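Keep in mind the model is a prediction, meaning the values are calculated, not measured.
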Amino acid sequence: MTEAQLSNAMDAYGSTVYRLALTRMQNIADAEDVYQEVFLRLWKQAAEDWDGDRAKAWLIRTTLNRCADLHRFRLRRPVLSFAEIPDLAQPEDESRELWEAVSRLPEKARTAVHLYYAEGYSAEEISQLMHIPAATVRTRLHRARKQLKELLGGIDDET
């Protein structure tokens, strides 16, 4: 891959990779490590003519894998609150309170919520990225919404 291709990929998908890494790792230093490693791996890839969707999917899958690697091989550092996270890491169109509640969800639910709501992937696309059944993704999203309703003090409309 050329420097120009790498630069274009970083411009187009860098914030997505960073936000996903931060969502999974809950730690700025680890998220930055993941970001760097993912783009180093991209740079080492053969210079293929990847379209935007293929490149983005590869970057997200590689980010998820690298986060899993760090969870297995490193001691986790203390979790930061969303108030301490730079604005780049926070979706612009959602409220701070909601994303603080999302940060308190279990990791698997947090990842599904991030990919579905912040990145705009469908449950089927998320299932392919995470190598799990689409029904599992939908279940995680359903449970996450219920947990968020509890965390945010929503009205229970199910009777």
Side-chain angles (χ1 to χ4, degrees), residues 6 8-43 52-154:
L6 179 64
N8 289 341
M10 290 175 79
D11 290 342
Y13 307 114
S15 63
T16 297
V17 168
Y18 182 71
R19 284 192 314 263
L20 179 58
L22 192 55
T23 298
R24 287 296 292 252
M25 302 308 297
Q26 297 254 313
N27 181 291
I28 291 173
D30 286 343
E32 289 171 349
D33 288 346
V34 168
Y35 177 91
Q36 181 177 354
E37 180 67 28
V38 166
F39 282 105
L40 282 173
R41 288 181 185 187
L42 178 63
W43 190 38
D53 289 339
R54 181 174 176 210
K56 186 175 182 183
W58 185 92
L59 287 166
I60 287 174
R61 183 72 245 159
T62 303
T63 302
L64 291 171
N65 288 340
R66 185 63 186 139
C67 289
D69 291 345
L70 282 178
H71 281 298
R72 279 193 299 268
F73 298 115
R74 276 194 183 169
L75 294 174
R76 291 188 71 180
R77 297 181 188 144
V79 175
L80 298 176
S81 72
F82 261 62
E84 298 170 331
I85 298 172
D87 289 340
L88 172 66
Q90 298 178 23
E92 299 169 8
D93 59 339
E94 299 294 335
S95 72
R96 181 183 287 306
E97 180 182 7
L98 173 63
W99 288 99
E100 285 177 0
V102 170
S103 73
R104 294 192 300 262
L105 293 174
E107 182 179 319
K108 291 177 181 179
R110 211 173 43 237
T111 300
V113 167
H114 176 80
L115 290 173
Y116 188 81
Y117 290 104
E119 301 301 332
Y121 281 97
S122 69
E124 288 73 23
E125 292 168 325
I126 295 169
S127 76
Q128 291 172 354
L129 290 168
M130 298 181 72
H131 302 294
I132 58 175
T136 302
V137 173
R138 288 189 290 274
T139 298
R140 288 178 184 177
L141 289 170
H142 176 73
R143 289 177 181 164
R145 285 189 287 265
K146 286 179 82 171
Q147 287 178 308
L148 288 171
K149 185 184 278 187
E150 291 174 15
L151 289 170
L152 297 170

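Scanning both residues, Pro133 and Ser127, for their nearest heavy atoms gives C-CB, 3.7 Å. In terms of heavy-atom proximity, Gln147 sits nearest to Pro106 at OE1-CD, 3.7 Å. The heavy-atom pair separating Arg24 from Arg110 by the smallest distance is O-NH2, 3.2 Å. Across Gly120 and Glu125, no two heavy atoms sit closer than the pair O-OE1, 4.4 Å. Across every non-hydrogen atom of Ala21 and Cys67, the tightest pair is CA-SG, 3.9 Å. Scanning all heavy atoms of the two residues, the minimum distance from Ala144 to Val113 falls at CB-CG2, 3.5 Å.
Partners of Thr62 under the side chain to side chain donor-acceptor pair (under 3.5 Å) rule, at least two apart in sequence or in another chain, do not exist in this structure. Qualifying ring pair (Phe, Tyr, Trp, His ring centres under 6.0 Å) partners for Tyr121, counting only residues two or more places apart in sequence or in other chains: none. The side chain to side chain contact (heavy atoms under 4.5 Å, CB included) search around Thr16 returns Arg19, Lys56, Ile60, Glu119, not counting sequence neighbours. In this structure Glu124 satisfies the side chain to side chain donor-acceptor pair (under 3.5 Å) test together with Arg138, sequence neighbours excluded. In terms of the side chain to side chain contact (heavy atoms under 4.5 Å, CB included) criterion, residue partners of Ala101 (sequence neighbours excluded) are, by chain and number, Arg104, Leu148, Leu151, Leu152. Not counting sequence neighbours, the partners of Glu37 by the salt bridge (charged side-chain N to carboxylate O under 4.0 Å, His left out) test are Arg41.
Environment of CD in Glu32: crowded, with over 12 heavy atoms of neighbouring residues, nucleotides or ligands closer than 6.0 Å. Crowding of Tyr116 atom OH: a count of heavy atoms from other residues, nucleotides or ligands under 6.0 Å not exceeding 12. Counting heavy atoms of neighbouring residues, nucleotides and ligands inside a 6.0 Å radius, atom CH2 of Trp58 exceeds 12 of them.
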Query - Chi angles and distances behind the side-chain contact (heavy atoms from CB on, under 4.5 Å) call for Thr111, Leu115 - result: CA-CA 6 Å; Thr111 300; Leu115 290 173; 4.0 Å; yes
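Distance CG/Asn8 to CE/Met10: 11.0 Å, rounded to 0.5 Å. Taking CG from Asn65 and CG from Leu70, the interatomic distance works out to 11.5 Å, rounded to the nearest 0.5 Å. Atom-to-atom distance recorded for His131:NE2 and Ile126:CD1 is 13.5 Å, nearest 0.5 angstrom. Atom CD1 in Ile28 sits 12.0 Å away from atom CG in Asp33 (nearest 0.5 Å).
Side-chain contact between Tyr35 and Leu20 is absent, with no heavy-atom pair separated by less than 4.5 Å. Annotation: side chain of Leu59 is in contact with side chain of Phe39 (closest heavy-atom distance under 4.5 Å).
No option in Val102, Leu105, Leu22, Thr23 other than Thr23 meets the side chain to side chain contact (heavy atoms under 4.5 Å, CB included) test with His114.
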